[in-house]
Number of protein chains: 2
Amino acid sequence: MPRQGLGKESILQAAIALIEEKGIAQFSMGELAKRLNVKPASLYNHVDSLHDLLEQIGLAAISRLTEAENQAIQGKQKDEALFSLAEAYRFFAREHAQLYRLILGLSKLDSQVLEKGAGDIVQPILHVLSTYGLREHQQYHWQRVLRGVMVGFAVHEHAGGFSRFPVDENESYRVAIQCIAEGLHRAGKEAE
Amino acid sequence: MPRQGLGKESILQAAIALIEEKGIAQFSMGELAKRLNVKPASLYNHVDSLHDLLEQIGLAAISRLTEAENQAIQGKQKDEALFSLAEAYRFFAREHAQLYRLILGLSKLDSQVLEKGAGDIVQPILHVLSTYGLREHQQYHWQRVLRGVMVGFAVHEHAGGFSRFPVDENESYRVAIQCIAEGLHRAGKEAE
DNA sequence: GCGAAAAACTAATAGTATTAGTTTTGTATT
DNA sequence: AATACAAAACTAATACTATTAGTTTTTCGC
């Protein structure tokens with residue numbers, strides 16, 4: 001086995017750290033190379049392209065997000081699980097704003113690799129919804145509703161577009177999730 | 001008055017047309033200059049920077065969006081207005097995908113100019129909610145809830161992340177808005 | 001027709017990702 | 001321990017970005 005260099009994994013870790021520190025806007029192959037004490041061109045021995053690298057980082061970020069979600073709902077059911085999931089999602093989007101941005105931006109980079117990520121994201125949501133006893137197609141609809149609300153709030157908080165009114169954002173989020181909870185109860189009853 | 005050239009307005013219009021045709025990813029000062037039969041540097045006689053230009057385009061896009069919304073809710077009340085507004089929002093996000101992308105991305109470009117845009121966006125939403133007879137702070141909360149859902153769905157449809165389940169996306173959206181409608185009725189009764 | 005003001009230009013800088021071709025270097029084998 | 005190989009890292013180049021400074025061209029008002 002010939003010489004052992006950077007390695008895909010160490011590059012990925014360095015890239016994630018760099019993005020979380022300096023922000024996605026400052027990220028570049030040059031900056032990454034600088035941090036790894038290497039010339040930019042050398043990175044191409046381990047990575048196909050920036051596009052490819054961002055995709056991998058995005059997948060890693062999705063993995064962290066879904067892990068947090070799964071942990072949040074462990075052993076919980078219905079409303080308790082629902083609020084816990086929603087809280088975990090929002091917390092991640094806030095605490096890892098740069099990684100979350102990257103996840104959002106990921107969509108435009110096509111790729112089949114993301115198919116896996118998309119599946120992972122949906123899983124904890126479906127798990128929570130499964131405790132409400134909905135019919136299958138209802139479960140799919142409500143999965144979109146819940147995901148829509150969580151994404152919508154996250155996007156807006158990133159944009160700072162929620163700060164213009166004198167009411168607490170946490171409370172707004174609670175209202176939203178409570179609204180969904182009641183919708184889920186109704187749908188659950190109809191399915192009986 | 002000396003020689004009359006491109007002018008801010010014609011540049012803006014050309015930029016919007018170019019973005020809608022070729023997509024925001026292909027947009028650059030060079031491409032814009034090419035379309036205007038001018039060298040890139042010449043654009044700087046009329047525009048401060050790409051950043052500045054994108055901001056102006058974003059404001060124009062917001063203006064078109066809110067115009068569509070206001071038209072959609074004209075003469076309507078409560079649920080009828082609510083569904084009509086939601087439909088108009090989604091329609092715009094779909095039909096002007098590139099411009100909508102730009103609006104979403106606008107947030108990261110700070111600027112005070114956007115304050116106006118943010119106000120415009122909120123206005124039709126508040127107008128619809130005002131027909132439900134909520135208390136003021138409730139109205140602010142529900143404004144965020146509704147906006148969150150609309151943004152969330154739009155973002156997801158852009159990402160193509162909704163297509164993985166065999167249920168109609170239009171119906172999912174209807175479920176979401178209906179959920180909010182019922183929440184609004186409850187909140188309206190509590191306020192009586 | 002003339003002067004001035006602004007538009008459009010040329011040329012340059014600094015940044016981006018990326019590729020081809022060369023050199024270095026670590027490791028595994030003899 | 002010396003060597004050969006393979007991959008890592010390098011240098012140098014290309015082709016894009018946005019942007020600025022300085023120069024030339026144009027055209028409007030007089």
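In the text below, chain A, chain B and the rest are named by the order of the sequence lines, each starting its count at 1. Keep in mind that this is a model prediction, so the values were computed, not measured.
- Applying the salt bridge (Lys or Arg N to Asp or Glu O under 4.0 Å) rule to pairs touching residues 176-187 of chain A yields A:Glu182-B:Arg186, A:Arg186-B:Glu182, sequence neighbours excluded.
- Per the geometry, CG belonging to A:Leu43 stands 18 Å off P belonging to D:dA7, to the nearest Å.
- We find that CD of B:Gln26 is positioned 13 Å from C1' of D:dT17, with the value rounded to whole Å.
- Applying the salt bridge (Lys or Arg N to Asp or Glu O under 4.0 Å) test to residues at least two apart or on different chains, the pairs with a partner in residues 119-142 of chain B are B:Lys116-B:Asp120.
- When the salt bridge (Lys or Arg N to Asp or Glu O under 4.0 Å) test is applied to B:Glu80, no partner is found at least two apart in sequence or on another chain.
- Atom CG in B:Leu32 sits about 12 Å away from atom P in D:dT17, given to the nearest Å.
- By the side-chain hydrogen bond (donor to acceptor under 3.5 Å, both in side chains) test, A:Tyr173 is found to be paired with no residue, residues two or more places apart in sequence or in another chain being considered.
- Inter-residue side-chain proximity for B:Val122 and B:Arg147 is flagged as met; some heavy-atom pair is nearer than 4.5 Å.
- Residue A:Lys34 contributes atom NZ, which lies 8 Å from atom P of C:dT16 at whole-angstrom precision.
- Residues meeting the salt bridge (Lys or Arg N to Asp or Glu O under 4.0 Å) test with B:Glu67, sequence neighbours left out: none.
- In this entry the distance linking CZ of A:Phe27 with P of C:dA17 reads 8 Å, nearest Å.
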Would you tabulate the nitrogen or oxygen pairs shorter than 3.5 Å linking the protein to nucleotides 8-11 of chain D?
residue : atom : partner : partner atom : Å
D:dA8   : N3   : A:Arg3  : NH2          : 3.4
D:dA9   : OP2  : A:His46 : NE2          : 3.0
D:dA9   : N7   : A:Asn45 : ND2          : 2.7
D:dC10  : OP2  : A:Lys39 : N            : 2.6
D:dC10  : OP2  : A:Ser42 : OG           : 2.7

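- Checked against C:dT16, C:dT18, D:dT17, the side chain of A:Ser28 finds its nearest nucleotide in C:dT16.
- With sequence neighbours left out, the side-chain hydrogen bond (donor to acceptor under 3.5 Å, both in side chains) criterion links A:Gln56 to no other residue.
- Taking B:Glu31 as the reference, B:Lys34 meet the side-chain hydrogen bond (donor to acceptor under 3.5 Å, both in side chains) condition, with sequence neighbours excluded.
- Within residues 14-25 of chain B, no residue places a heavy atom under 4.0 Å from DNA chain D.
- Taking atom CG of residue B:Leu54 and atom C1' of nucleotide D:dT17, one finds them 13 Å apart after rounding to whole Å.
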